[in-house]
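Quick notes on the structure that follows.
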Amino acid sequence: MKKILLLSLKIVGGLLATVVVLLLVLGVLLNTDAFQNKVLRHATQMLSEKLNTEVKIDSVSIGFFSNDVRLKGVSIDDLEHRKMLQMDRLTVSMEMFALLNKEVKITSAHVVGLSAELYKPKEGPANYQFVIDAFKKDKQPKDSVEKKKAGSKLALSVSKVVLERISLKYNESSASLSKLEYKETIGGKRTARLEGLHAQWVAHLKKGPQDCKAGIGVLELQEKDKKGQAAIGNLYFWNDNHLPRKNKGKPKRGAFDNGHMDWKANLKLSFTIPANDRVVAKIERCQVDDDVAGIHVKNLTLGVTATKEKLAMENIVVSLENTTVNIADAELQLPSKKRGVKLGYKTSLITGQTLLKDISQPFAPVLKKFSLPVKFSTYMSGDDYEMKFDKIQVATLDNKLYVEAVGDIKELKDKYKLKVNFHVSKMHAKGDVKTRIINQFPVKKFMMKQVDALGNISCVGDIKVLWKREFFQGVLNTAVGKLDFSFGINEETKYLSGTVKSKGVDLDRAFDLNGFGKISCTADFTFDISKPRTALMRQKKGGKLPIGNVSAHVDEASYKKVKFRNIVADIVSDGAVAEGKLAVKGKRRDLLCSFSFTNTETLKNKLKVKPGIRFHGLSEEDKQAKAERKQKKAEEKEARRQQRAKEKAQEAEEKAAKKAAKKAQREAEKAQKNAEKARKAEAEAAEKAAKKARKAEEKARRAAEKAAKSE
């Protein structure tokens with residue numbers, strides 16, 4: 001639509017400029033009515049001959065001293081003699097002597113009642129092509145063209161422009177303008193006011209034509225020194241793809257439909273145009289409403305820095321009635337085939353708080369009573385193919401419900417190939433939050449007692465959504481036991497089916513089944529989730545049980561303190577009565593049990609059990625198992641014999657080692673005794689020798705003393 005408007009304005013502007021210049025140049029020669037009428041006839045004749053079509057101007061007034069030109073009743077036909085351009089009045093005032101300095105200074109331009117009808121058929125030229133061809137100039141050498149441009153370029157300035165009652169039509173598209181007024185003051189301040197801009201066109205899409213309308217009630221603009229403010233009132237966009245709304249006959253589907261939009265907005269912004277083709281803007285206030293779809297944005301504020309390559313946004317705040325979303329900064333990479341760049345975007349941490357009922361009408365009517373406050377945060381990035389979410393956190397304000405996850409949405413361009421994948425790395429629901437969440441939904445409450453019996457729950461797992469298919473798998477830990485689950489929902493057939501593996505789940509606590517204890521089993525199940533079908537069945541029988549069937553293999557279970565193993569179970573429930581068959585398989589006999597459990601409005605929790613027994617010979621499986629057990633027993637016996645022989649040899653080795661050690665110990669003790677005895681003998685001999693020496697010394701001393709006395 002923008003290209004069409006620009007093309008139309010260029011053609012219209014070119015024609016008007018040509019008429020004005022011809023008349024002005026000729027009119028200044030003689031400022032008389034007679035001469036001006038002669039100039040008018042001559043100018044229209046020249047244009048008619050050049051364009052080869054009819055050009056009419058009812059009257060012209062050229063003021064030599066007032067420096068203005070007034071035209072009335074201008075019309076130009078196309079080559080098919082259809083009115084291509086009509087204008088009630090044109091007044092242009094300019095400074096004539098400025099032309100001597102190669103300056104075009106238009107002090108005022110006023111256009112009233114301009115209409116243009118342009119056509120471009122699928123085959124053949126457009127009805128305005130002859131105008132373009134008529135004013136084409138022969139190509140000149142590049143050097144001469146550059147010299148001419150350098151030497152004859154005129155400076156253009158416009159002080160005031162007023163457009164009133166403008167209408168343009170291009171094939172199936174049209175645009176109209178009630179009034180546009182532009183002023184530029186001596187101080188360089190520029191103001192503009194636009195009133196009643198409306199456009200309508202037909203968008204030809206893959207699914208067919210789509211009627212579109214857009215417009216602006218009032219736009220006020222002020223700008224000075226590349227800084228300005230703008231206020232836009234009654235901005236709107238409307239479209240219609242001529243198909244029923246997507247939620248027609250589908251009460252569970254939201255009212256939002258991109259083929260039926262009726263958006264209305266009011267906004268205020270400020271902007272700055274710095275160097276290097278950058279624009280810095282700030283949306284200070286923005287309100288958006290679509291009453292049919294139920295979209296109501298109370299306010300949107302953000303700052304934007306825009307270049308040809310990307311948009312950088314900051315301080316983004318989106319406010320709905322009970323919802324606030326905050327994004328510190330975000331970046332949008334603009335696509336460009338020339339640069340080989342695709343659309344891309346990423347954000348900082350997105351945080352917020354919401355009541356989900358705010359999005360119920362456009363997207364999820366089931367949430368219309370969801371008034372439980374929820375806080376959330378995540379990082380988002382992606383392109384036109386996929387969206388990625390990282391570090392997702394969702395929780396109630398008291399954190400009794402808490403979820404951590406990551407995920408992505410792929411194949412955004414084709415809803416039939418759309419793939420949604422989320423991995424929940426952590427989730428817990430504590431206390432009464434399960435009941436509080438269920439009570440937010442306007443549905444009948446079944447099995448609430450069983451929900452309460454689960455107690456605090458935690459879960460890890462994966463969620464996958466395809467076209468009308470949802471799949472869930474993971475591990476659920478509850479107060480009554482642990483469940484491994486894998487199930488899917490078929491939105492076309494309205495059935496829930498999957499597999500559950502339990503480990504030590506207490507049936508009595510979970511389902512109020514008196515006599516039943518813990519169970520460890522693997523079960524395949526299918527349940528009917530069609531509201532019309534289940535409502536009809538419950539109306540007939542008044543049942544409160546799920547409707548479906550279960551096939552299970554029980555590794556271990558207990559009933560009235562008796563434990564059972566290797567049980568095969570098949571259970572079918574019609575909503576009022578659940579009937580089941582159990583078989584405890586043995587070698588030559590199976591213990592059988594059939595039961596029925598009833599839970600209705602009039603009869604609650606009634607259990608009937610009928611036991612039985614079945615004898616049979618060994619099956620091939622049992623025979624094979626028996627042979628395997630015999631072989632295993634022989635292998636175990638041989639292993640025990642070898643083990644005993646090994647232990648006996650080890651004992652003999654240990655005994656011989658002990659005997660050798662004892663002998664070595666005795667020899668060591670004997671050697672020690674002999675050494676001690678020899679040491680004692682040596683000591684005694686030494687003592688005797690020392691004693692004998694002392695006696696000899698004593699005898700010698702006495703002899704010496706005797707000799708001394710005798711002398």
Side-chain angles (χ1 to χ4, degrees), residues 1-8 82 115-124 126-127 166-178 196-217 232-267 286-297 335 343 358-368 384-385 387 409 411-420 465-469 491-492 494 532:
M1 189 64 192
K2 181 180 178 182
K3 292 181 179 180
I4 296 171
L5 290 174
L6 289 175
L7 176 62
S8 302
R82 296 171 298 192
S115 64
E117 296 193 13
L118 309 177
Y119 302 94
K120 177 65 174 72
K122 292 182 179 179
E123 297 181 0
N127 73 327
I166 309 298
S167 65
L168 304 174
K169 184 177 181 181
Y170 184 89
N171 288 354
E172 300 171 305
S173 306
S174 63
S176 63
L177 174 66
S178 296
L197 175 63
H198 304 283
Q200 61 182 40
W201 66 97
V202 178
H204 296 278
L205 307 177
K206 291 182 179 180
K207 294 184 178 181
Q210 187 176 99
D211 292 341
C212 301
K213 296 180 182 179
I216 298 175
I232 303 175
N234 298 324
L235 174 68
Y236 73 90
F237 174 79
W238 173 94
N239 68 341
D240 183 3
N241 61 5
H242 303 286
L243 297 173
R245 292 189 71 93
K246 292 181 179 180
N247 67 335
K248 186 176 182 180
K250 299 177 180 179
K252 294 200 312 182
R253 185 159 192 166
F256 176 77
D257 185 346
N258 58 7
H260 295 271
M261 292 191 288
D262 190 3
W263 294 69
K264 300 177 180 66
N266 296 282
L267 61 94
C286 179
Q287 178 184 348
V288 182
D289 294 286
D290 185 337
D291 293 333
V292 177
I295 295 175
H296 302 285
V297 178
L343 173 71
D358 280 358
I359 61 171
S360 63
Q361 185 176 340
F363 302 112
V366 71
L367 299 173
K368 65 181 179 181
D384 54 359
Y385 170 76
M387 297 175 65
I409 305 175
E411 300 286 356
L412 293 171
K413 293 184 177 181
D414 190 344
K415 68 177 183 179
Y416 299 103
K417 296 181 180 179
L418 189 71
K419 298 177 182 178
V420 180
V465 180
L466 304 176
W467 170 247
K468 291 194 174 183
R469 298 284 195 281
E491 294 291 350
E492 291 184 309
K494 298 298 180 182

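Just so it is clear, the values below take in all heavy atoms, side chains as well, and ignore hydrogens, waters and symmetry mates.
To the nearest 0.5 Å, the span separating CD on E411 from OH on Y385 amounts to 4.0 Å. Atom NZ of K419 is separated from atom CG of D414 by 11.0 Å, given to the nearest 0.5 angstrom. Note that OH of Y236 and CE of M261 are 14.0 Å apart. Values are rounded to the nearest 0.5 Å. Going from atom CG of D257 over to atom CG of D262 covers 12.5 Å, rounded to the nearest 0.5 Å. To the nearest 0.5 angstrom, S115 atom OG is 11.0 Å from K169 atom NZ. How far NE2 of H260 is from CG of N258: 9.5 Å, rounded to the nearest 0.5 Å.
Inter-residue side-chain proximity for W467 and K417 is flagged as unmet; no heavy-atom pair is nearer than 4.5 Å. Using a 4.5 Å heavy-atom cutoff, the side chains of L418 and L412 are in contact. Using a 4.5 Å heavy-atom threshold, the side chains of Q287 and K264 count as separate. Taking the side chain as every heavy atom from C-beta outward, D290 and V288 never approach each other to under 4.5 Å.
Here the side chain of Q361 pairs a donor or acceptor atom with the backbone of V292 at under 3.5 angstrom. Remark: side-chain polar atoms of D289 are not paired, donor with acceptor, to backbone N or O of D291 under 3.5 angstrom.
In terms of heavy atoms, G254 sits closest to P365 at N-CD, 3.7 Å. Nearest heavy atom pair, residue P121 against residue A126, reads CD-CA, 4.3 Å.
Aromatic rings from F237 and W263 are positioned such that their centres are separated by 6.0 Å or more.
Within the structure, the side chain to side chain donor-acceptor pair (under 3.5 Å) test picks out no pair touching residues 244-254 (sequence neighbours left out).
Atom NZ of K413 has 12 or fewer neighbouring heavy atoms from other residues, nucleotides or ligands inside a 6.0 Å radius.
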Give every donor-acceptor pair under 3.5 Å between a side-chain atom in residues 203-213 and any protein atom, sequence neighbours left out.
from : atom 1 : to   : atom 2 : distance (Å)
H204 : NE2    : E172 : OE1    : 3.0
Q210 : OE1    : N239 : ND2    : 2.9
D211 : OD2    : H242 : NE2    : 2.8

Derivation and outcome, side chain to side chain contact (heavy atoms under 4.5 Å, CB included), residues I232 and N266 | CA-CA 6 Å; I232 303 175; N266 296 282; over 6 Å; no
